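One structure is given below, encoded as C-alpha cells.
Below, all heavy atoms of this structure are taken into account, side chains as well, without hydrogens, waters or symmetry copies. Keep in mind that this is a model prediction, so the values were computed, not measured. Below, chains carry the letters A, B, ... as their sequence lines are ordered, and counting in each starts from 1.
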There are 2 protein chains.
Amino acid sequence: MEEPRKRARPGRAPAPAGRTSRPRQAEVARLAGVSQATVSLVLGARKQGATISEETRRKVLDAVRALGYVPDPAASRLAAARNNLLGVFSFTSTFPTDVQHSYYPFLVGVEQEAAARGYDLVLFTGSSTGGAGAAGPNALARVRLADGCLFLGRHAPAEELRRLVADGFPVVHLGRRDELEGLAWVGADYISASQEVVAHLAALGHRRIVLVREDDEAPASTDREHGFLKGLEEAGLPGGPAAVFRSADPERELTAERLRGWLDEGVTAFVAEETDTGDAWRALHGAAHFVGIDCPRDASLALLGSPPPDLAEEPVPTGFDIPRPQLGAAAVRMLAALVSGEAAAEPLVACTFRPGSTAGPAPVRY
Amino acid sequence: MEEPRKRARPGRAPAPAGRTSRPRQAEVARLAGVSQATVSLVLGARKQGATISEETRRKVLDAVRALGYVPDPAASRLAAARNNLLGVFSFTSTFPTDVQHSYYPFLVGVEQEAAARGYDLVLFTGSSTGGAGAAGPNALARVRLADGCLFLGRHAPAEELRRLVADGFPVVHLGRRDELEGLAWVGADYISASQEVVAHLAALGHRRIVLVREDDEAPASTDREHGFLKGLEEAGLPGGPAAVFRSADPERELTAERLRGWLDEGVTAFVAEETDTGDAWRALHGAAHFVGIDCPRDASLALLGSPPPDLAEEPVPTGFDIPRPQLGAAAVRMLAALVSGEAAAEPLVACTFRPGSTAGPAPVRY
DNA sequence: CCGGATCACTAATGCGTATTAGTAATGCGC
DNA sequence: GCGCATTACTAATACGCATTAGTGATCCGG
C-alpha cells in the first residue's frame, strides 16, 4: 500500500528553544489538568453559555497565578474580531505647538470616555498618514486599522469620508456636518443655548435686543441666529432682519455710531456670536467701550460662547460655555454605539448657561 | 462502506452577511488574481527571499488601493511581526483636566517624531478601570499590542515594567529611571545645564553662590545639585555642603534672615532648582523681594528650569529651559531603535540656556 | 536534450485566544 | 430502566497575517 507522501510542514520556523517565553493558555491548562478551552472560558467570564465547576475554576486560577499568565492582547483581539481601538483623526497635528487652537479640551473627554468603555485610542494626523501610506486619495485608509474613527476639525476631506461611510466603516465627526449624507456627528446645541441667553435677557426686562454676527454660513453661526430669533419670538419681542446685524468688511462695520444709533432706538441689550477669531465679540466689546457704556448698567452684553483668550481677563461675559470635554465624550459614545451596532446615541450636547457680569436689568426709560 | 461521519464544524459563527467588513488580504488576493501569500509578500517588502514580478506587484498594489486595504494590527502582531504602532502609556490620564500637569509638551515631540518615522500612536490610558484592561496587576498587558511602548510619569508600576522588559518587549521611560535594571529611558541633561548656569554666574564675577533645593532624592534634584557643584569646582569656587541649602518644613525654611546672613557672608548669587510645585524658586524669589534686593544689581538669581505658571509674568529668570518636545522626540527615537533592534540612541537631551534678566555682574565690594 | 539553477508563486502551516458543536456523565420523572 | 435535560467539559475550529517548503516553468551549460 502506498503510504501517502508525507508532505513537509511549511509555516513558521520553530521558536528558539533558549528563551523561556511567557506562558500561554496551553501551559496553564496543562498545569491545571484541563483543556485550553476551559482556561479561556474561566478567564473570559462570558455572560452566557458554559458553566464551570467551582473546583475547576479554582484550579485554573491557581495555575494562572502560579505561572503569572497574562493574556496576549494581539491574540485576544484577533480572536474576538475586535481591536478595541478607536481612531482619532485630525487633519492638522493633534498636538499643535500652539496650544490655544488645539483639540485638547475635546481630547480630555474623548480619553475619559474611551477609557471607561475599554477602548484605546489611535492617533492619526494628516502628516502621520503621509508616513505609512501615500498622502494621495487614500490618505485616510490607515484609519481603518481601528474599529472606528473620530474626526476632529472641518478639514477632513469629504470625498474620503464619504468612502469610509459607504464602506460601512464607523465614523463620527465632531461638529455638525449635515452636507454629508449618512455621516454621524455630534455637536453642541447652539440653538437651545442661544435661546436661553435671550430668555435670560428678556427676563431682565430687555425689550429690544440685537445680535451681532459675522457674515458666513457655518452651521455654528446659523444655529445661533436661529436660537436667538426663537428666543425673541418666545419672549414676544421684535425679531426679523432688523434684530440681526451681519458685520462685513469693509462696508458694514460695527462702528460706534451704529451702536449709538441702536441705543437711541431703544436697544438695551447686544448679543455677539463666538467665532474662531472672536471678532464679533471684540468689535461689540470695543465699540461699547468706545461709546463709554457702563456695561451692566447702561446696556447689557452677552456672548454666545466663550471669549477669545486675549479678552479672558475682562469681566466674564454673560452667555454660555461649550462643554468641550462632554462633546468629546459624546462623540466617543456615538462611535462606540456604531462600532457595536447599537442604536445611535444622542448627537446634541447641551451648553451650560454662564451668568457672567455683563448683563443686568434693563435700564429704566422715563 | 461506512461514510466517515461528517463531523460538524465548530468554531466561530459566520460573520453577519449584511455589513461589508474591512477588506482582508484574501479579498485583495482575489481581486488581483493571486494568492493571499503573494499579497503578504508584496506588502511585507521583506528583505530576503521571495522575488515578485513587477507586474504582479502592480496588480496587488492596485487592488490594495481599490479596496482600501489596511492590515489588521492584531493579526500582524500575532504573526510575530510589526504593526507600526507605538504605545504611549501614562498611569494617570494623558489629558488631565488640569492642563498644567499634562504631558502635552512632550506629546508634541512624540507625535512629530513618530509621524516622521511612519509610526502611529496608540494611547493606552492607565486610568481605564472597566472594559478591556481591568486595573489589576496586569494593567500594562495591553501595551503588547503595539511594537513598543513609551511610559510617561513616575507612576508606572515597577513590577509590571520589569516584566515587560524581561520579556524583551521594547519599553522606554520618559525621565531618568535607574533603579530598574535594563529599563531604557531618556531624560534631560540637568547636570550639564546646571553646570552651565553656574559657569555663567562665575563669568559675571560671582564668587560665592548658593543652591536652594528641596529635601528629596529625585534624580532630577540630585542631578542639578551634582551639576551645580561641578560648576563651582570648574570655576574654582568654594563648594561643599555650605553651598547647598536644603529647605525643609518647618525646621529649615528659607527665611529673610537666612538670606540676609548669606548676603553678609559675601554670597552674591542664588540658584534654585525647579520642582513640580516651584516652591524653591517661589521661596527664593519671595525672600529676595522681602529683603528688598534690587535683583540683577544687588544680587543675582537663577533658576534651574522653568518658573511655575503663576510666576511666569515676573521678569524672566536666568537659567535653562527643558526642551520637552525634543525629549519626546528623543524618546521615540530610542523606542524606534529598540523596536528595530538598532543600536540604542542617545538618552540625554541638552537643555537650552536662558539668559533671562535676573543675573548680572557681581556687585563690587569695596 | 538532460540535469541543475533560478524565478515567480502557492499551499500549508503557525501565532494564541475565543467560540461553539459535540459528548460523556449525571439527575430526574414516570 | 428508558428517554430527556442539565452539567461540565473538550475537540475542533476560526480569526488575519507572515513565513517557508514546495512546485511548475523557464533558462542555461555542456
Side-chain angles (χ1 to χ4, degrees), chain A residues 5-15 21-30 32-60 64 69-84 144-145, chain B residues 5-15 21-30 32-60 64 69-84 132 141 144-145:
Chain A
R5 163 85 171 295
K6 182 114 168 226
R7 209 184 185 292
R9 307 155 84 266
R12 135 167 338 287
S21 73
R22 56 209 189 85
R24 313 289 163 202
Q25 282 188 355
E27 275 105 283
V28 174
R30 213 171 301 142
V34 299
S35 72
Q36 174 267 324
T38 302
V39 175
S40 177
L41 287 175
V42 169
L43 295 179
R46 281 286 143 262
K47 42 226 82 179
Q48 55 165 343
T51 51
I52 302 285
S53 75
E54 208 39 62
E55 183 183 343
T56 300
R57 177 185 307 280
R58 198 187 40 69
K59 280 193 300 184
V60 168
V64 162
Y69 167 81
V70 176
D72 181 333
S76 303
R77 291 169 180 202
L78 178 57
R82 209 116 177 287
N83 280 321
N84 272 6
R144 292 175 190 258
L145 120 195
Chain B
R5 164 86 172 292
K6 181 111 168 230
R7 209 185 185 294
R9 307 156 81 266
R12 133 167 341 283
S21 76
R22 294 161 32 203
R24 309 295 164 202
Q25 280 190 354
E27 274 106 280
V28 175
R30 212 171 302 142
V34 299
S35 73
Q36 174 267 322
T38 302
V39 175
S40 178
L41 288 176
V42 169
L43 295 179
R46 282 286 145 262
K47 42 227 78 176
Q48 55 164 337
T51 52
I52 302 286
S53 74
E54 208 38 61
E55 182 182 347
T56 300
R57 176 186 309 280
R58 198 187 40 68
K59 279 193 301 185
V60 169
V64 163
Y69 167 81
V70 174
D72 181 326
S76 299
R77 277 297 283 173
L78 185 58
R82 308 261 188 74
N83 58 17
N84 267 9
R144 292 178 194 265
L145 178 67

Taking atom [atom2] of [N] as reference, at what distance in whole Å does atom [atom1] of [X] sit?
X: B:Asp72; N: C:dG16; atom1: CG; atom2: C1'; answer: 14 Å
X: B:Leu145; N: C:dT17; atom1: CG; atom2: C1'; answer: 14 Å
X: B:Glu55; N: C:dC9; atom1: CD; atom2: P; answer: 8 Å
X: A:Leu43; N: C:dT17; atom1: CG; atom2: P; answer: 9 Å
X: A:Glu54; N: D:dT7; atom1: CD; atom2: C1'; answer: 14 Å
X: B:Arg144; N: C:dC15; atom1: CZ; atom2: P; answer: 17 Å
X: B:Leu41; N: D:dT20; atom1: CG; atom2: P; answer: 10 Å
X: B:Arg77; N: C:dT17; atom1: CZ; atom2: P; answer: 14 Å

Ranking A:Arg57 and B:Gln25 by the position along DNA chain D of their nearest nucleotide, the one closer to 5' is A:Arg57
Heavy-atom pair with the smallest gap, counting every atom of [X] and [Y]:
X: A:Asn83; Y: A:Leu145; answer: ND2-O, 3.5 Å
X: B:Val34; Y: B:Val39; answer: CG2-CG2, 4.0 Å
X: B:Ala141; Y: A:Pro73; answer: O-CG, 3.5 Å

Any idea which of [options] is nearest the [X] side chain?
X: B:Ile52; options: C:dA18, C:dC9, D:dC17; value: C:dC9
X: A:Ala75; options: D:dT19, C:dG16, D:dC17; value: C:dG16
X: B:Val34; options: D:dC9, C:dT17, C:dT10; value: C:dT10
X: B:Thr38; options: D:dC9, C:dT17, C:dC9; value: C:dC9
X: A:Thr51; options: D:dC17, D:dA8, C:dA18; value: D:dA8
X: B:Tyr69; options: D:dT7, D:dC17, C:dT17; value: D:dC17

Partners meeting side chain to side chain contact (heavy atoms under 4.5 Å, CB included) with A:Ser40 (sequence neighbours left out):
A:Gln25, A:Gln36
So A:Val39, base contact, sugar-phosphate only, or nothing? Heavy-atom distance under 4.0 Å.
nothing
Donor-acceptor under 3.5 Å (A:Arg22 side chain, A:Val70 main chain):
yes
First encountered from the 5' end of DNA chain C, between A:Ala37 and A:Arg24
A:Arg24
Does [X] put a side-chain nitrogen or oxygen below 4.0 Å from OP1 or OP2 of [N]?
X: B:Thr56; N: C:dA8; answer: no
X: B:Ser53; N: C:dC9; answer: yes
X: A:Ser35; N: D:dC9; answer: no

